[in-house]
Number of protein chains: 2
Amino acid sequence: MPSVESSNNSIAVDAPSEHDTHRANAPIVKLCPHSTGVSCGSCRLNELCLPIALNEGEMEQLDNIVERNRPLKKGDHLYRQHDGFKSIFAVRSGSFKSYVLSSSGAGRVTGFYLPGEIIGMDGIADRTHANSAIALEHASICEIPFNQLESLSLKLPVLQHNFFSIMGAEITKDQKVHTILSSYSAEQRIASFLLGISSRYARVGLSPTRFHLPMTRGDIGEYLGLTVETVSRLLTALQKRDLIEVDNREIALVDKDRLKEIVGADDL
Amino acid sequence: MPSVESSNNSIAVDAPSEHDTHRANAPIVKLCPHSTGVSCGSCRLNELCLPIALNEGEMEQLDNIVERNRPLKKGDHLYRQHDGFKSIFAVRSGSFKSYVLSSSGAGRVTGFYLPGEIIGMDGIADRTHANSAIALEHASICEIPFNQLESLSLKLPVLQHNFFSIMGAEITKDQKVHTILSSYSAEQRIASFLLGISSRYARVGLSPTRFHLPMTRGDIGEYLGLTVETVSRLLTALQKRDLIEVDNREIALVDKDRLKEIVGADDL
DNA sequence: ACTAATCATTGAGCTAAATCAAGATAATGA
DNA sequence: TCATTATCTTGATTTAGCTCAATGATTAGT
């Protein structure tokens, strides 16, 4: 397999952990060096995550409520639809998809979550998760018990502000997806999707032009409201036009400008 | 004739209104809440809005930051895309749509907002509104300056909790829309839309079976990713099957159960 | 009240993407 | 390792919803 540089999977791998707060049910897997750290203060994602702009003392208080080291294997569920809501989660490494099971059997993917992103906010409103969330690859997360986050947010204005912003960003993102689904052609959806993944990887310091897709074509199709076949055909077509290179799940964005033209400028 | 608005129209007259458009950053004539007879405490929507479960003293503090009496005429903008974000708004009467202008000219409706609902959260994340919001009919709103809401939320745990819940509900709702747009047929979308409007009216004490649609067929189409023609055809078709009655924008849901069957059970 | 403009309906045909079908490739596990 | 399953690709065909077009109904402005 041609290695598309150090993509997603390699970043952020788990914590070295002197004082491991391993929980009883926490899986095995030994943690690699350098990492996202055992504390928010030493996590390389902290400028993209809940702790933005917290001072040292504040970050320590946040650290105290964060539960780390709950690595998940591919296919493990982080939570399931209808589960009681207790926590939100920050993706530390790996990736997740959220999905709902339609009554007609087929699952529908509602989101993908990459390192530095927050998953689980679908349970805040009615204290029950509206989606299931499943690891697309080996992954680790920080669990943030919501009640404690609320309490701490009362004491730390910056934390409250950050969390409002994170939720606001989720709302804005969902509305953008709404626009994509309600008005873009299949080709525009795919181009937009690739550019979106690209900038989300860029955000955590990974290459915006060469990356690994952790999800299947089927997942992408469900997310974008297309069939697997259409996704596959369009990736092939974009490659033939030299806009991208595709090697199974390794993607290279060869001509980002023309991809942006396809989606029509004002996309993410 | 059942109509969306009604209710709080008793409250005060207009701001000076030399200009038709009340922009978010336009000067506001703030009247003392008690002189208008309207305060959160006396608002019939207060159990559905920000003040849920606030005690008297807390509600008074909220009242002090809420700016009321900004009636808008049909077609007035509440804010425009790219406007600086200052406030969120609670719809008191009337209704709004939010939309974005695509580079390709056509506007895309991203949401409808009915009495008791909060509009403007699309600006929280990056302090700039991602959408425009326009009144679909004569409407009045409560403006809640966001910075003050944040400050007050630090002091009133229940208020903070409520606002987290409201944002969470928006996220959950957007994800449901995602599912609708990515996997429902045109007929399912229309049925689901009608049921959604129905329960939103029911929430504020209006009839869930007979109501007025404040938006055009075109708006509905943009929102649902369908053309005007398809929306029109499907409403006619549902009427022919005796599931609904349509008289221009007056809708009666005749057979809610079969509408639910169409969308496949687990819808709103 | 009258005119213009917007909104809604209906029909006929077209097309983008779905469906159906068949293989090829890659991942997983005994 | 090989066998099994999951994923991906490509082709042929169908179809749901779009586009184009024309007309009627409402609403808004003077």
Side-chain angles (χ1 to χ4, degrees), chain A residues 1-4 9 73-76 97 104 106-109 134-138 180-191 193 212-240 244-251 262, chain B residues 1 3 20 73-76 97 104-107 109 134-138 180-191 193 212-240 244-251 262:
Chain A
M1 176 184 301
S3 71
V4 162
N9 328 11
K73 298 191 306 297
K74 177 176 177 176
D76 283 349
K97 73 172 179 188
S104 37
R108 300 332 296 198
V109 174
I134 192 171
L136 294 171
E137 60 194 317
H138 186 265
I180 289 169
L181 293 180
S182 68
S183 63
Y184 284 18
S185 69
E187 183 180 71
Q188 288 176 308
R189 292 179 204 197
I190 295 286
F193 176 77
H212 177 83
L213 293 176
M215 72 292 286
T216 68
R217 305 287 194 265
D219 288 336
I220 297 172
E222 282 183 20
Y223 180 74
L224 294 177
L226 304 171
T227 59
V228 204
E229 294 95 325
T230 298
V231 173
S232 180
R233 271 186 256 271
L234 283 167
L235 288 174
T236 303
L238 290 173
Q239 180 170 39
K240 285 210 176 107
I244 63 176
E245 277 166 25
V246 183
D247 176 20
N248 198 27
R249 301 209 189 159
E250 305 298 322
I251 303 287
I262 286 176
Chain B
M1 178 176 303
S3 104
D20 297 340
K73 297 194 307 302
K74 176 176 179 178
D76 283 350
K97 73 173 178 187
S104 36
V109 174
I134 192 170
L136 293 171
E137 58 193 317
H138 187 267
I180 289 169
L181 293 179
S182 68
S183 62
Y184 283 20
S185 68
E187 183 180 71
Q188 288 176 309
R189 291 179 204 197
I190 294 287
F193 176 76
H212 177 83
L213 293 176
M215 71 291 287
T216 68
R217 306 285 194 266
D219 288 335
I220 297 173
E222 282 183 20
Y223 180 74
L224 294 176
L226 304 170
T227 58
V228 204
E229 294 95 328
T230 298
V231 173
S232 180
R233 272 187 255 271
L234 283 168
L235 288 175
T236 303
L238 289 174
Q239 181 170 38
K240 285 209 176 108
I244 64 176
E245 276 165 27
V246 183
D247 174 19
N248 197 25
R249 300 209 189 160
E250 305 298 325
I251 303 286
I262 286 175

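We use all heavy atoms of the structure for the numbers below, so side chains are in, but hydrogens, waters and symmetry mates are not. Below, chains carry the letters A, B, ... as their sequence lines are ordered, and counting in each starts from 1.
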Between atom [atom1] in [X] and atom [atom2] in [N], what is the gap in whole Å?
{"X": "B:Leu213", "N": "C:dC7", "atom1": "CG", "atom2": "P", "value": "14 Å"}
{"X": "A:Glu137", "N": "C:dT28", "atom1": "CD", "atom2": "P", "value": "12 Å"}
{"X": "A:His138", "N": "C:dA27", "atom1": "NE2", "atom2": "C1'", "value": "18 Å"}
{"X": "A:Glu250", "N": "C:dT25", "atom1": "CD", "atom2": "P", "value": "18 Å"}
{"X": "B:Ile220", "N": "C:dC7", "atom1": "CD1", "atom2": "C1'", "value": "12 Å"}
{"X": "B:Arg189", "N": "D:dG17", "atom1": "CZ", "atom2": "C1'", "value": "10 Å"}
{"X": "B:Ile190", "N": "D:dA16", "atom1": "CD1", "atom2": "P", "value": "16 Å"}
{"X": "B:Asp219", "N": "C:dT6", "atom1": "CG", "atom2": "C1'", "value": "12 Å"}

Practice item. Indicate yes or no: at least one non-hydrogen side-chain atom of B:Arg249 is less than 4.5 angstrom from one of B:Arg217. Key: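 A side-chain contact exists here, since the closest heavy-atom pair is under 4.5 Å.
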Check your understanding: Once each nucleotide of nucleotides 25-30 of chain D is scored for protein heavy atoms under 4.0 Å, what B/S/- sequence comes out, 5' to 3'?
Key -> -SSS--
Check your understanding: Is a side-chain donor or acceptor of B:Gln188 paired with a backbone partner of B:Ser185 at a separation under 3.5 angstrom?
Key ->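 Present.
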Check your understanding: OP1 or OP2 of D:dC18 sitting under 4.0 Å from any side-chain N/O of B:Thr227?
Key ->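 For D:dC18, OP1/OP2 do have a side-chain N/O of B:Thr227 under 4.0 Å.
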**Study point:** Sequence-distant partners of B:Glu245, side chain to side chain contact (heavy atoms under 4.5 Å, CB included), two or more places apart
**Key:**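 Counting only residues at least two positions away or on another chain, B:Glu245 forms a side chain to side chain contact (heavy atoms under 4.5 Å, CB included) with B:Arg210, B:Gln239, B:Ala252, B:Val254.
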Check your understanding: Got a sec, which residues hit side chain to side chain contact (heavy atoms under 4.5 Å, CB included) with A:Ile134, two or more places apart in sequence or on another chain?
Key ->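 A:Ile134: side chain to side chain contact (heavy atoms under 4.5 Å, CB included) contacts with A:His77, A:Lys97, A:Tyr99.
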Point to revise | Shortest non-hydrogen separation from B:Leu181 to B:Tyr223 and the atoms involved | key: CD2-O, 3.9 Å
Which donor-acceptor pairs under 3.5 Å do the side chains of residues 224-238 of chain A make with protein atoms, sequence neighbours left out?
| from | atom 1 | to | atom 2 | distance (Å) |
| --- | --- | --- | --- | --- |
| A:Thr227 | OG1 | A:Thr230 | N | 3.3 |
| A:Thr227 | OG1 | A:Thr230 | OG1 | 3.0 |
| A:Thr236 | OG1 | A:Ser232 | O | 3.0 |

Exercise for review: Please round to 10 degrees the angle between the axis of the first five pairs and the axis of the last five pairs in the helix from C:dA1-D:dT30 to C:dA30-D:dT1.
Suggested key: 60°
Exercise for review: With sequence neighbours left out, write down each residue that passes side chain to side chain donor-acceptor pair (under 3.5 Å) with B:Glu187, or none if nothing qualifies.
Suggested key: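 Per chain and number, B:Glu187 pairs via side chain to side chain donor-acceptor pair (under 3.5 Å) with B:Arg241.
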**Study point:** Under the side chain to side chain donor-acceptor pair (under 3.5 Å) test, residues paired with A:Ser182 that sit two or more places apart
**Key:** none
Review point. Touch check for A:Gly75, heavy atoms < 4.0 angstrom, all strands: base, sugar-phosphate only, or nothing?
Key: nothing
Review point. Which part of the nucleic acid, if any, lies within reach of B:Gly221 when heavy atoms closer than 4.0 Å are counted: base, sugar-phosphate only, or nothing?
Key: nothing
Exercise for review: With a 4.0 Å heavy-atom cut-off, tell me which residues in residues 229-240 of chain B come close to DNA chain D, sorted by residue number.
Suggested key: B:Glu229, B:Thr230, B:Arg233
